[in-house]
Structure formats: C-alpha cells, structure tokens
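The basis for the numbers below is simple: all heavy atoms, side chains too, and nothing from hydrogens, waters or symmetry mates. Below, chain A is the first sequence line, B the second, and so on; all start at residue 1.
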Protein chains: 2
Amino acid sequence: METETLGALAEPTRMRIVELLRNGPLTVGEITNKLQIRQPQASKHLKVLNEAKIVDVHPVANRRFYKLRPQPLQEMDTWLSTFRSLWENQFDQLDEYLTKLQNQSNREE
Amino acid sequence: METETLGALAEPTRMRIVELLRNGPLTVGEITNKLQIRQPQASKHLKVLNEAKIVDVHPVANRRFYKLRPQPLQEMDTWLSTFRSLWENQFDQLDEYLTKLQNQSNREE
DNA sequence: TTACAGAATTCCTTTACAGGAATATTCTCA
DNA sequence: TGAGAATATTCCTGTAAAGGAATTCTGTAA
C-alpha cells in the first residue's frame, strides 16, 4: 500500500476532514465551518487528500463537493489484514499479557 | 486513533521494518542487513516506531530484539472499520462505477 | 458586463524530519 | 579490567510541509 495515503492521513486536520466526509460529501465552506479553520487551509488540506486520491471533487455551480474515495482506505484495510493474526490469535494475546506482567515485576525490583 | 501511528508508518523504510517484523522479532543488525541500510538509520527508525508504541524492545545479551505491538495496528483497523461500508455496500460501489463511467464519457467530449 | 461568493494559489516564515558521518554507550567474555 | 561487537546518540545539512496573510481565479446571477 502507498505510504502517501498514510502521510496524507497523518495530520490531525486531514484526519478530521476524512472523518467528516464519512457521512457524505461536503463543500469546502462546510468543512471550513465545521472544523473552524481558515478557508485556504481547508483547500490546501483537500488538495493533499486529493493528490493522495483519498477524495474526489464534484463541482456544482459555485461550490466544490469533496467526497471520499474508497480505494486507498480499502488498501489500508487489506494491508492491515495481514497483521490481524497479531491480535486475533489467542497465543499472541497471552504472550503480550505475560510480557506486561513481567514488566511490572521488573519495575518492582 | 493516533495520528502518531500513521506518521510513524508514513515513511517507506519504517513500513518495510514493520512488514519484516510481521514474521517475528528481529535484532537491529538483522533489520540493517535485510533492508540494506546503515545501522544508525535503523536505530533511528526503530526509535520512532518505539515512541509510537508500534514496537517493543527485548534486550538479549548484546542484542536488542524488536517486536511488533498489536495495539496501534489494531486501533487503525478499528478506525478503518468505520469506513468499511464505503466499499462493502453495493450501492456505494455502484455509485463509484457510475462516476467512473461518467468521467470516461466526459473525456470523450 | 459587473459584482460577488466560493474556492484555489502564492509567498513568507517557521518547524520537523531524513540521511550521512562521527562518536558514544552498553554488554559480553577472555 | 580491557577489547570488541551491537546498538544508540549527536551534530550537521538539506528539504518538505504547515500555518498566516494576501491575492487570484472561477462561476453565478443580476
């Protein structure tokens, strides 16, 4: 999967934008209002998200609606799925648990 | 979920380290060799991953074994699951499909 | 056409971070 | 204790990226 996707999401404001768009497309102005940021910053962040193909633009008259694209997030999900055994496997969980226990007793020495 | 997790992974070398560690713990030297990078860079990247709680260290004699911690990746997975309807839902897929079709016909004009 | 609203771009400054090279630290074992 | 292997840290430099402010672009409606 693309590190560009992660890089684009690794910025708090952009994370919030993506979370907003989970509920459907929004215009730049709506995003600006909901996040209480300045319009140029919103546009700049949206540009980054757009270049990372995380969002699409749909102009309607004077406005531009931004909308989530499934693909990059889906690719992240697929990539993460290759790690799922780390926490779905009982033995690994037990292992982590024992490690924590051990750390605790170490601290007591 | 933490943007720190995403930031740590949004660097190609660190992604590769995490992917290596999927198969089990490795020492700094092993990572250095497998990735063909310099040892200080390996240590530096591991430090970032460690501060993001993506890896744990287990000293054994002279070496330090680095091991994946499930939690941050699991949190990413949980976060992504809130977007899963974007690509699991038939209607959304159809919507994307129609959008692509429309873009194609636009290009032909 | 003009004026205006919505959105994008540019310029500037500051800060964070990556790699290279050198050096320091830590642990083991003879 | 001293040497050496494994790893971490420091210093330097270049670069990318974020926010603020100002400006520009674009489409709409009168």
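Note that the CG atom of A:Leu35 and the CZ atom of A:Arg14 stand 13.0 Å from one another [nearest 0.5 Å]. Between the CZ atom in A:Arg69 and the CG atom in B:Leu86 there is a gap of 11.5 Å [rounded to 0.5 Å].
Distances shorter than 4.0 Å separate some side-chain N or O of A:Arg38 from OP1 or OP2 on D:dA21. Side-chain N/O atoms of A:His45 include one lying less than 4.0 angstrom from OP1 or OP2 on D:dG19.
Shown here are the side-chain hydrogen bond (donor to acceptor under 3.5 Å, both in side chains) partners of A:Ser43, two or more places apart in sequence or in another chain: A:Gln39.
The aromatic ring centroids of A:Phe83 and A:Trp87 lie 6.0 Å or more from each other.
The shortest non-hydrogen separation linking A:Leu9 to B:Leu6 is O-CD1, 3.6 Å. Annotation for B:Ala52 and B:Pro72: closest pair O-CG, 4.0 Å, computed over non-hydrogen atoms. Across all their heavy atoms, B:Met15 and A:Met1 have their closest contact at CE-O, 3.9 Å.
For the pair B:Asp56 and B:Arg64, the salt-bridge criterion is not met [side-chain N within less than 4.0 Å of a carboxylate O].
At whole-Å resolution of the value, CZ in A:Arg16 and P in D:dA18 are 15 Å apart. As rounded to whole Å, 16 Å separates atom C1' of D:dG19 from atom CD of A:Gln36. The CD1 atom of B:Ile37 sits 12 Å away from the P atom of C:dA18 (whole-angstrom rounding).
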Inset, instruction - Take nucleotides 2-10 of chain D nucleotide by nucleotide from the 5' end and write B, S or -, depending on whether a protein heavy atom sits under 4.0 Å from the base, only from the sugar-phosphate, or from neither. - result: ---BSBBBB
Each nucleotide N or O in nucleotides 13-17 of chain C that has a protein N or O under 3.5 Å away: list the pair and distance.
none

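Each of A:Val48 and A:Val60 was matched to the nucleotide of DNA chain D holding its nearest heavy atom; the match closer to the 5' end belongs to A:Val48.
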